[in-house]
Visitor: 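The structure follows.
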Amino acid sequence: MNMNMTIPGAVVKDVRASLPRHKTLKYGRRKLTDIRSAAMHHSATKSGSPEAFAGYHVNTNGWPGIAYHFVVQKDGTIYWCNDLEAISYHVGNSNRHALGICLVGDFRTQKPTLAQLDAAHRLIQHLQVQIPSMKQVLGHQEYPGYAWKDCPAFPMIKFRSDYSQFLQKAVDKVKTPIQVPVAISMNGSMLSVSGFLQEGVSMLPVRAVANAAGGKVEWIEQTMDVRVNGKDLNEKVISGSAYAPARELAAVLGIQVEWDDPNKIVKLRGV
Ligand SMILES: [Zn+2]
């Protein structure tokens with residue numbers, strides 16, 4: 001199946017068609033909704049490549065193909081190795097419900113690189129969006145029957161808490177575009193509220209500015225619109241406060257606006 005594997009901030013190489021495969025054996029298939037967890041592994045080798053792991057799994061173990069769905073190299077490159085529907089061999093009885101992600105390295109003596117951890121976070125996040133049933137992220141050792149196995153040999157509690165922080169940061173970025181604060185003055189005196197610059201437009205707090213200019217503010221419940229002196233604005237609501245472009249707001253209030261760029265001040269003047 002062809003799934004979108006374009007992951008912002010990560011390099012993904014699709015090597016599914018080029019890796020060594022068994023001549024006759026094939027992995028069983030599942031539905032994506034059967035996937036419940038991402039299983040983290042280390043390669044238990046100081047270095048390595050998907051080709052080398054696939055060769056070993058096919059030629060030495062006699063398996064249909066490489067064990068993992070993804071291999072994350074030390075430089076952060078993600079190799080896509082198996083269809084997600086393939087029930088490949090990596091966590092025994094749990095294979096049907098698990099998706100295997102292997103970080104190259106022997107973490108009994110080495111540590112995953114920051115690039116590797118960042119790529120793993122991005123990969124898991126991307127997969128969780130596309131496969132909502134994949135709720136858990138577990139270490140190989142955490143699957144039934146594998147408590148004895150020192151894999152992935154990095155602490156999963158820390159990995160999961162770092163991953164939660166990564167998700168939180170991603171969410172914050174979407175909610176709060178980069179904003180440069182701007183000060184506001186009215187007839188020469190500074191207001192106690194500030195606005196912000198967004199994509200070159202200064203956005204001002206509608207209520208505070210309208211009050212200072214003696215304008216009338218209405219909130220239209222049905223359309224969730226803010227009106228000033230009976231006119232609609234292209235406002236943006238942030239944490240319950242409406243912000244509107246300075247020029248638009250000044251026009252409906254019948255006041256003048258001037259942008260003091262060096263000092264980042266929007267200067268308003270009543271007529
Ligand atoms: Zn493992």
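Both ligands and their constituent atoms are indexed starting at 1 by order of listing.
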Visitor: Does the side chain to side chain contact (heavy atoms under 4.5 Å, CB included) test come out yes or no for S94 and Y146, once each step is laid out?
Guide: CA-CA 11 Å; S94 306; Y146 284 104; over 6 Å; no
Visitor: In H140, what N, O or S atom is nearest to the Zn ion (ligand 1), if we give its atom name?
Guide: ND1
Visitor: Side chains of K236 and Q198, heavy atoms from C-beta outward: is any pair under 4.5 Å?
Guide: yes
Visitor: Among Q168, Q128, H121, K158, whose side chain to side chain donor-acceptor pair (under 3.5 Å) with Y163 holds?
Guide: Q128
Visitor: For the Zn ion (ligand 1), does an N/O/S atom of C151 lie at less than 2.8 Å?
Guide: yes
Visitor: For A242, does its backbone N or O pair with a side-chain atom of E235 as donor and acceptor, under 3.5 Å?
Guide: no
Visitor: Of all the N, O or S atoms in H41, which has the shortest distance to the Zn ion (ligand 1)?
Guide: ND1
